[in-house]
Amino acid sequence: MKVPTPVTDPNRFLRVLDDPNIQLLVRLQDQLLHVSADFWRRRKALNIHLPITTSSISSPMGLGSDSSPVAIEMFGQHTYLADSMQFLLEYGCRIAPEGAWYLMPSFRGEEADKTHLNQFFHSEAEIRGSLKDVQKVVADYILALSKAALEEFSTEIAAAAGTLDHIESMIDIGSIPEMTLDQAVEHLGEASPCVVHDPAGFRTITREGEHRLMNEISPILWVTHFDQMSVPFYQADEPGTDKARNADLLFGMGEIVGAGERHVDGEQTRKALAHRQVAEQDYDWYVRMKTERPLLTSGFGLGVERWLMWLLRHDDIRDLQLVPRLNGIALAP
């Protein structure tokens, strides 16, 4: 894919109108919405309309997270732009027996780079069931998206990406290979620069480490059961261990899907908050929901622009927006 006009060019909004790559990008975005709606309609999951503001941020709550919240003042109230609406999807699961989903913007405060956007689109869902259950749903969803893209846009994608092999491999893979974080660290080497040892006592894998795993193990790979303290409080614990019931799906640029099982009840959630020294009052409604309506749910989030990076084999996510937004920079339109 040819790199379009830089996002900071004040004339970009006019230059890109005739760019075939931008035209393909918009059509792929449109297709993803329709395929997603059809996928969840077949499963009888409900689309939930949610606000873009929240008092309950989620992504920055893990010590191993690389994201930060976007705080705003709105009519005298301190709140946040949504970094994820996972908590409200859990709420929706108590109304929707077959699950709840949405496709909407998410906002992050960290610096934008080749794999991070300040404002991106999130395809998120929550279902009743375990981590294994939601991993199966993710695999089915990725398969549906891949088949649709190949069927409708094979010629255009081949011209932009130079190949269709990656999509055909995704469709043909069958069962996605899986390894635990412990196994990934053993493969990479405890002393490898690809493994970060945090002073708080947990490990994370760098982007370079993700690429090594994809090159040396499988180009499409689940990495599961991260060190408990590296993930947010809402990820369920694996009993009798210091691991979490979570999973990242790696392909293309690295992590494109993050998934996890949630705590069932209020007591489990309170323990997780206390363990991470997160103030319970900030999540009072969430704990009360778990106490009054305990339920086993699991969910996932797919970064739409990261998906499109993989589809088009492009190396800079900042190019994959019709209307770019970068924190601290005024951009038109």
Is it the case that [X] and [Y] place a side-chain donor and acceptor less than 3.5 Å from each other?
{"X": "Ser123", "Y": "Tyr141", "result": "yes"}
{"X": "Arg207", "Y": "Thr115", "result": "yes"}
{"X": "Ser56", "Y": "Trp285", "result": "yes"}

Do [X] and [Y] have side chains that approach each other closer than 4.5 Å (heavy atoms only, starting at C-beta)?
{"X": "Val7", "Y": "Leu326", "result": "yes"}
{"X": "Lys271", "Y": "His263", "result": "no"}
{"X": "Trp101", "Y": "Phe39", "result": "no"}
{"X": "Leu89", "Y": "Tyr102", "result": "yes"}
{"X": "Glu73", "Y": "His78", "result": "yes"}
{"X": "Leu312", "Y": "Leu320", "result": "yes"}
{"X": "Asn21", "Y": "Asp319", "result": "no"}
{"X": "Thr224", "Y": "Gln135", "result": "yes"}

Proximity of Tyr286 and Tyr234 rings by center, below 6.0 Å: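 For Tyr286 and Tyr234, the ring centres are not under 6.0 Å apart.
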Quick one: does any side-chain atom of [X] pair with a main-chain N or O of [Y] as donor and acceptor, under 3.5 Å?
{"X": "Arg276", "Y": "Val231", "answer": "yes"}
{"X": "Glu190", "Y": "Val185", "answer": "no"}
{"X": "Asp248", "Y": "Glu255", "answer": "no"}
{"X": "Asn215", "Y": "Arg212", "answer": "no"}
{"X": "His197", "Y": "Phe202", "answer": "no"}
{"X": "Arg94", "Y": "Arg293", "answer": "yes"}
{"X": "Asn118", "Y": "Glu111", "answer": "no"}
{"X": "Thr180", "Y": "Gln183", "answer": "yes"}
{"X": "His166", "Y": "Gly252", "answer": "no"}
{"X": "Gln119", "Y": "Arg108", "answer": "no"}

Criterion side-chain hydrogen bond (donor to acceptor under 3.5 Å, both in side chains) on His225 and Glu238, from CA distance to verdict: CA-CA 8 Å; His225 295 86; Glu238 190 64 52; 3.1 Å; yes
Taking all non-hydrogen atoms of both residues into account, name the closest pair between Asn327 and Glu110 and its distance.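 For Asn327 versus Glu110, the nearest heavy atoms are ND2-O, 4.1 Å.
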Inter-residue atom distance [X].[atom1] - [Y].[atom2], 0.5 Å rounding:
{"X": "Asp237", "Y": "Lys243", "atom1": "CG", "atom2": "NZ", "answer": "12.0 Å"}
{"X": "Leu24", "Y": "Ile157", "atom1": "CG", "atom2": "CD1", "answer": "6.5 Å"}
{"X": "Met74", "Y": "Thr79", "atom1": "CE", "atom2": "OG1", "answer": "8.0 Å"}
{"X": "Phe251", "Y": "Met214", "atom1": "CZ", "atom2": "CE", "answer": "9.5 Å"}
{"X": "Met85", "Y": "Leu50", "atom1": "CE", "atom2": "CG", "answer": "6.0 Å"}
{"X": "Phe120", "Y": "Asp83", "atom1": "CZ", "atom2": "CG", "answer": "8.0 Å"}

Should Gln29 and Phe121 be marked as a side-chain contact (heavy atoms from CB on, under 4.5 Å) after you check the CA-CA gap, both sets of side-chain angles, and the distance that decides it? CA-CA 10 Å; Gln29 291 170 336; Phe121 274 80; over 6 Å; no
Is it true that, when you exclude [X] itself, more than 12 heavy atoms of the residues, nucleotides or ligands shown sit nearer than 6.0 Å to its [atom1]?
{"X": "Glu186", "atom1": "CD", "value": "no"}
{"X": "Glu216", "atom1": "CD", "value": "yes"}
{"X": "Gln281", "atom1": "CD", "value": "yes"}

Taking salt bridge (charged side-chain N to carboxylate O under 4.0 Å, His left out) as the definition, give me every residue that meets it alongside Glu124, ordered by chain and number, with sequence neighbours left out.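 None.
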